[in-house]
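Every value quoted in this text rests on a predicted model; they were computed, and no experiment measured them. Whatever order the structure lists ligands and atoms in, that order sets their numbers, starting from 1.
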Amino acid sequence: MGDVDLTVIDRNDRPLSAVDPAFGSAVKSLYEDEFGIELITGASADRIDTTEDGVEVTYRDQTGETGVTAGEQLYVFAGRTPNLDGLSLEAAGLEDRAGWVTDTMATADNPRIFVVGDANGREPILHIAKEEGYHAAENIVATANGASTAPYEPIIHRIVFSGLSVYPFARVGHSESSAKAAGFDVVTATRQASDDGVFKVKAVPLGLAKLVVDAYSGQILGYLGLHHHADVFAKLAQVMIETGLTVEEIPDRAYHPTTPELLDGLLRETKATIENR
Ligand SMILES: Cc1cc2nc3c(=O)[nH]c(=O)nc-3n(C[C@H](O)[C@H](O)[C@H](O)COP(=O)(O)OP(=O)(O)OC[C@H]3O[C@@H](n4cnc5c(N)ncnc54)[C@H](O)[C@@H]3O)c2cc1C
């Protein structure tokens with residue numbers, strides 16, 4: 001199969017719209033510059049027509065201007081919603097309105113019915129489905145024993161297989177904005193992958209990473225990375241964040257030249273900012 005010309009129409013201003021704009025902008029440039037993909041952002045598809053050669057999509061940008069793009073094939077990525085039709089939830093007195101499954105995995109309508117995985121519409125990914133299952137089982141036992149149930153509140157651990165997974169995006173824990181919204185006073189450091197020569201040597205010089213740290217305790221609250229091996233760094237970040245380590249406690253000593261030098265740089269910079277405050 002030869003090359004495929006691709007045009008993407010996205011309603012958001014940039015990809016990865018839920019995190020710091022720098023990451024979405026980096027992904028956008030990556031797709032445009034390295035993959036030759038045309039990204040039309042901040043635009044909503046208004047109309048689809050079939051043509052002799054395929055399809056034509058009419059879209060409208062935020063200023064109200066319309067545009068048309070044509071292609072042989074159309075793929076629609078509109079997210080996923082659980083298919084609950086046919087389960088007769090109403091027979092059990094349940095209605096799948098917003099918030100119908102609580103954070104203990106029990107339904108709001110009936111505390112003896114638990115719903116885990118994609119069906120509850122909370123976070124449709126595999127590791128969450130599995131953990132929710134374990135968690136619900138504990139809450140079911142607690143309910144049977146008349147004990148109180150506990151909420152399932154995982155620390156965010158997300159990976160997007162962007163850039164053919166050569167440049168994945170990873171987020172573990174807080175972003176800067178979510179940490180601030182949660183009441184933390186934070187210091188952050190951002191480094192470009194190109195700040196460390198090893199990424200260039202491995203021919204993967206693009207991307208960036210950011211560390212979010214509690215300004216007082218130095219506890220590591222979040223890591224965001226869009227760079228080669230960011231998915232591997234996510235496991236490292238999970239250990240640092242979920243065990244509550246501080247920047248002081250992490251040895252600043254990666255083997256040179258290896259990609260975790262990027263992390264050392266982030267630790268060094270956040271540590272220095274905290275010391276100089
Ligand atoms: C294209 C795609 C790519 C994905 N990629 C990833 C990824 O890279 N990483 C990741 O973490 N997650 C990924 N996911 C999401 C992941 O697959 C789901 O989050 C996960 O499978 C949810 O598990 P579950 O047990 O809740 O549901 P499911 O795996 O859907 O299992 C539900 C089961 O219930 C059965 N069932 C349905 N109705 C009934 C009924 N009435 N009676 C009996 N059985 C019934 C179904 O047949 C099915 O076997 C992806 C999903 C899709 C669709």
Side-chain angles (χ1 to χ4, degrees), residues 1 4 6 8-12 15-19 23-24 27 30-31 35 37 45 73-141 143 149-175 178 207 222-239 241-242:
M1 196 170 123
V4 175
L6 206 60
V8 176
I9 301 170
D10 191 340
R11 202 181 303 183
N12 295 316
L16 300 175
S17 55
V19 294
F23 290 91
V27 171
L30 176 71
Y31 281 127
F35 292 81
I37 293 173
Q73 295 186 350
L74 174 72
Y75 296 85
V76 179
F77 301 88
R80 291 186 287 132
T81 51
N83 178 6
L84 304 173
D85 295 347
L87 288 179
S88 298
L89 294 180
E90 63 287 353
L94 304 176
E95 192 197 332
D96 62 324
R97 60 190 183 285
W100 74 291
V101 180
T102 71
D103 54 9
T104 67
M105 303 296 118
T107 58
D109 292 323
N110 185 335
R112 295 177 67 80
I113 300 180
F114 292 75
V115 182
V116 302
D118 285 10
N120 67 27
R122 295 169 67 86
E123 191 168 355
I125 42 177
L126 186 56
H127 63 277
I128 297 288
K130 289 196 275 191
E131 278 189 13
E132 285 179 348
Y134 296 131
H135 196 85
E138 282 168 12
N139 278 342
I140 290 166
V141 172
T143 305
T149 54
Y152 172 62
E153 292 169 329
I155 287 174
I156 287 176
H157 187 165
R158 290 192 188 129
I159 313 284
V160 177
F161 307 111
S162 44
L164 293 178
S165 248
V166 175
Y167 288 107
F169 170 77
R171 172 184 171 182
V172 182
H174 277 297
S175 65
S178 79
Y223 156 81
L224 296 103
L226 171 77
H227 57 80
H228 192 53
H229 287 166
D231 51 341
V232 182
F233 281 41
K235 188 69 206 178
L236 203 56
Q238 186 192 33
V239 173
I241 294 165
E242 296 202 11

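The protein reaches atom 15 (C) of ligand 1 closely, with a heavy atom under 4.0 angstrom from it. Remark: atom 23 (O) of ligand 1 lies closer than 4.0 Å to at least one protein heavy atom. Under the 4.0 Å distance rule, the nearest protein heavy atom to atom 18 (C) of ligand 1 falls inside the cut-off. For atom 33 (C) of ligand 1, no protein heavy-atom neighbour is present inside the 4.0 Å cut-off. Counting protein heavy atoms under 4.0 angstrom from atom 41 (N) of ligand 1 gives one or more. Inside a 4.0 Å radius of atom 5 (N) of ligand 1 there is not any protein heavy atom. Atom 12 (N) of ligand 1 is flagged as protein-proximal [any protein heavy atom, distance under 4.0 Å]. Distance check for atom 47 (O) of ligand 1: every protein heavy atom is found at 4.0 Å or beyond.
Ring orientation note: the planes of Phe77 and Tyr75 are close to parallel, at an angle under 30° on the 30°/60° scale.
Counting heavy atoms from C-beta outward, Phe35 and Leu6 have side chains that stay 4.5 Å or more apart. By the 4.5 Å heavy-atom criterion applied to side chains, Phe169 and Leu224 are counted as neighbours.
For the atom pair Asp231 CG and Phe161 CZ, the distance stands at 7.5 Å (nearest 0.5 Å). Taken to the nearest 0.5 Å, the CZ atom of Arg171 stands 3.5 Å off from the CD1 atom of Ile156. In this structure, CG in Leu16 is found 11.0 Å from CZ in Arg158, a value given to the nearest 0.5 Å. Note that the CG atom of Leu30 and the CG atom of Leu226 stand 6.5 Å from one another [nearest 0.5 Å].
Counting protein heavy atoms only, atom 7 (C) of ligand 1 is closest to Phe161 CE1, 4.4 Å. Taking atom 25 (O) of ligand 1 as the reference point, the nearest protein heavy-atom neighbour is Ala129 CB, 4.7 Å. Nearest protein neighbour of atom 21 (O) of ligand 1, counting heavy atoms only, is Leu126 CD1, 4.1 Å. Counting only heavy atoms of the protein, atom 53 (C) of ligand 1 lies nearest to Arg80 CD, 4.0 Å. For atom 30 (O) of ligand 1, the closest non-hydrogen atom on the protein side is Asp118 OD2, 4.8 Å.
Counting the atoms of ligand 1 from 1 in the order shown, those under 4.0 Å from a heavy atom of Pro124 are 15 (C), 19 (O). In summary, the atoms of ligand 1 found under 4.0 Å from a heavy atom of Leu87, numbered by their order in the structure, are 41 (N). Per-residue contacts place Gly117 under 4.0 angstrom from the following atoms of ligand 1 (heavy atoms of the residue considered): 26 (O).
The only option from Glu138, Arg122, Glu131, His135 that meets the side-chain hydrogen bond (donor to acceptor under 3.5 Å, both in side chains) definition with Tyr152 turns out to be Glu131.
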Taking it one step at a time, do Trp100 and Val115 satisfy side-chain contact (heavy atoms from CB on, under 4.5 Å)? CA-CA 9 Å; Trp100 74 291; Val115 182; 3.9 Å; yes
Kindly indicate, with the supporting measurements, whether the criterion side-chain contact (heavy atoms from CB on, under 4.5 Å) is fulfilled by Val166 and His228. CA-CA 6 Å; Val166 175; His228 192 53; 4.0 Å; yes
